[in-house]
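Because the structure is predicted, anything quoted here is derived from the model rather than measured. Starting from 1, each residue takes its place in the sequence as its number.
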Amino acid sequence: QVQLVESGGGLVQAGGSLRLSCVASGSIMEFNNAAWYRQSRGKRREVLATITGTEATNYSDSVKGRFTISRDNTRRTIYLQMTDMKPEDTGVYYCNTPPRFPPFPWGPGTQVTVSS
């Protein structure tokens, strides 16, 4: 069983920055293909950024140029650096595998609130 725990959320003003972390533990050696998702109130969970085992990254149009996905050398921690944040970035952020892969059990997520 794999456990995912997200952290780093909080309250930030528009234009500010936050760095989210996601630690994978349990029955996992390396978190090769990973993604960050966001669920805003009243909306479906959407994928924001993905990273592959070869470090190729992809971003949704809504965050491209502002968010950066990365991982640490252990390949079990995934990061999301968020800059120039907007009120519409408010939501609960989750990490997991990209949509084309079977998902791990979802973690608790981390709340991000951007004030205008």
Side-chain angles (χ1 to χ4, degrees):
Q1 187 80 332
V2 174
Q3 294 85 40
L4 302 173
V5 178
E6 302 89 353
S7 63
L11 175 64
V12 64
Q13 288 188 333
S17 300
L18 280 176
R19 189 194 196 202
L20 306 184
S21 299
C22 166
V23 178
S25 62
S27 305
I28 183 170
M29 294 300 293
E30 295 182 339
F31 200 174
N32 284 323
N33 294 283
W36 279 98
Y37 296 79
R38 177 175 66 210
Q39 186 160 24
S40 303
R41 184 174 297 179
K43 296 184 179 180
R44 298 179 64 177
R45 188 177 291 163
E46 60 173 326
V47 58
L48 303 176
T50 61
I51 187 168
T52 71
T54 57
E55 308 303 314
T57 58
N58 196 32
Y59 299 92
S60 69
D61 288 342
S62 63
V63 306
K64 193 175 297 182
R66 300 188 298 121
F67 290 10
T68 303
I69 187 172
S70 63
R71 73 168 114 242
D72 74 352
N73 290 336
T74 70
R75 299 176 74 86
R76 295 180 67 171
T77 300
I78 307 296
Y79 302 102
L80 186 68
Q81 178 67 50
M82 305 186 292
T83 62
D84 188 24
M85 298 184 71
K86 305 175 180 181
E88 51 264 42
D89 293 325
T90 295
V92 181
Y93 285 68
Y94 302 88
C95 66
N96 213 309
T97 55
R100 65 186 181 278
F101 292 87
F104 296 131
W106 291 91
T110 186
Q111 174 71 46
V112 171
T113 303
V114 184
S115 64
S116 57

Legend entry - Residues Lys86 and Asp89 bridged, charged N to O under 4.0 Å: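 Not counted as a salt bridge, because no side-chain N and carboxylate O are separated by less than 4.0 Å.
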Sub-4.5 Å side-chain heavy-atom contact between [X] and [Y]:
{"X": "Tyr93", "Y": "Glu6", "answer": "no"}
{"X": "Gln1", "Y": "Pro105", "answer": "yes"}
{"X": "Tyr59", "Y": "Thr68", "answer": "yes"}
{"X": "Thr50", "Y": "Asn33", "answer": "no"}

Drop me the distance from [X]'s [atom1] to [Y]'s [atom2], to the nearest 0.5 angstrom.
{"X": "Ile51", "Y": "Cys95", "atom1": "CD1", "atom2": "SG", "answer": "12.5 Å"}
{"X": "Leu20", "Y": "Ile78", "atom1": "CG", "atom2": "CD1", "answer": "12.5 Å"}
{"X": "Glu46", "Y": "Arg38", "atom1": "CD", "atom2": "CZ", "answer": "4.5 Å"}
{"X": "Phe31", "Y": "Ser25", "atom1": "CZ", "atom2": "OG", "answer": "11.0 Å"}
{"X": "Met85", "Y": "Thr90", "atom1": "CE", "atom2": "OG1", "answer": "7.5 Å"}
{"X": "Leu48", "Y": "Lys64", "atom1": "CG", "atom2": "NZ", "answer": "12.5 Å"}

Inset, instruction - Decide ring pair (Phe, Tyr, Trp, His ring centres under 6.0 Å) for Phe67 and Trp36; before the verdict, give the C-alpha distance in whole Å, the side-chain angles of both, and the deciding distance to 0.1 Å. - result: CA-CA 10 Å; Phe67 290 10; Trp36 279 98; 9.8 Å; no
